[in-house]
Amino acid sequence: MSPAISASRVASLVGDFDRSPAYAGLADSLRLLIGDGRIALDTRLPSERELTEALGLSRTTVARAYADLRDRGFAESRRGAGSFARIPGGARSVLDRTLTPRTGDPHLIDLNCAAASAPPGVAAAYDAALAALPAYLSGHGYYPAGVPELQQAIAATYEARGLATTPDQILVTPGALSAAAIVALGLTSAGDRVVVENPVYPNATEALAHHGARLVAAPVDPGGWDLEAIGAVVRQAAPRLAYLIPDFQNPTGHLMSEAQREEYAAMLGRSRTIAVVDEAHQALGLEGQRMPPPFAALGRDTITIGSASKTFWGGLRLGWIRAPERHLAALMRARLSIDLGAPVLEQLVLTRLLEEPDATLAAQRARLRTQRDALVTALRTSLPDWSFQTPGGGLALWCHLPRPLASATAAEAERRGVIVSPGHVFAVDGGHEHFVRIPWTRPAEELEQAALVLAEAWQAAVASPRQASRSRITVA
Ligand SMILES: Cc1ncc(COP(=O)(O)O)c(C=O)c1O
């Protein structure tokens, strides 16, 4: 039998949707909820009458919204049985084979990617961008530095955080990872040393090492940055670059304090090392906390990398570099050897989102907070001997296992339909077999189910530890 969702639950999920006109806003919101799994595929939706009452709308509005969902393939109505959530092409179309093994399994719970589905507001920003696009069609469409409105909107986010920034300092890229690759290409030569945190987001370190730079690992402990140990590494290596993720570090979730940022920046200044600061998670504080100042406000030779992926949506494929004037020419040269700019439509979408971010950001944070709390509770219940610190933001828990069986546990979980990344994926030079990263980027019900599966997988791994079957694991 299909699961059902109550009208009151739908009302709380759709929240305060756009009412101009209401049927379109409601349909939009329901489509997103179905698309991102918060209303699971095949769920029986409330009747038009029930939803009309729960939302305080007219019956015609709800009927038109349901008709719109049916027309676009997001619902199917069966006489006498009700309306059911559908996804055009089926749920599997949301997975990519590089990031997710077994893409054909519609019941797979994918916790390999620490990236959420698009929050409400993104679809509306696409609509607005499409309306603005004709003004750009008369030009050639190439913006190697970025569409000027977007450069301006990104610069304004730094100004709002107390860091004076001109639009010319912004280079828009197809994602933060691309930004890291451009920085490496523009500012390193073969044999240069680049300090990276350990554990760390692995794609970025691969990008940084791609042109022959040598990675030097600086430890990030379960308790946070050990600046004394990092200082010793920096003094010895005299690195060209230091790549760091001070805001809800991936994978540990740590937030670097203002005092630590000051000390770290001073230390890099003394060794004439350029800081490359990845702020992909900067806007994802989930406790309403005041965030520490941008690293670039404390260390003058800092290149900042930003991303739209985690704040808004990975499918935008947009990120950026904010660089001091003296590095801009080298970065632009490097960029032009890779591509000639990011797509205009997506840049217009991001411009809209950055100009009026409040509602979308609030929805994104509220959803992530609920999911984080659900994951924490589920893991404490199912796996009481796993330990973790609950980060105040970001996207994932870095779980410590009492025995070094992360790969075996991940392999057992994968056999049972849950994908998680074992610690070694984030290690610069091997190890971290005591850790598993578990993102809270899926709906709470999936996370609760995943915790049960992980507990089974853990027991199986403890009973008979086996080698992991996946040789190469790509994460996001
Ligand atoms: C720290 C960090 N930087 C960059 C990225 C990639 O960002 P983008 O999608 O903008 O390339 C991620 C994605 O997981 C990340 O965690």
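No experiment lies behind these values; they were computed from the predicted model shown. In what follows, every heavy atom counts, from backbone to side chain, and hydrogens, waters and symmetry copies are set aside. Both counts, for ligands and for their atoms, begin at 1 and track the order of listing. Residue numbers count from 1 along this sequence.
For ligand 1, the 4.0 Å heavy-atom shell contains residues Gly175, Ala176, Leu177, Tyr201, Ile245, Asn250, Asp278, Ala280, His281, Ser307, Ser309, Lys310, Arg317, Ala476.
Side chain of Glu433 to main chain of His424: no donor-acceptor pair is present (N/O by atom type, distance under 3.5 Å, no hydrogens or angles). A distance-only check finds no donor-acceptor pair linking the side chain of His254 to the backbone of Phe248 [under 3.5 Å]. Side-chain atoms of Arg437 come within 3.5 Å of backbone atoms of Asn112 as a donor-acceptor pair (strictly under, hydrogens ignored).
Donor-acceptor pairing under 3.5 Å is lacking for the side chains of Arg403 and Thr409. Remark: the His327 side chain and the Asp301 side chain contain an N/O donor-acceptor pair separated by less than 3.5 Å.
Scored by the side-chain hydrogen bond (donor to acceptor under 3.5 Å, both in side chains) test, Trp440 finds no partners at all (sequence neighbours excluded).
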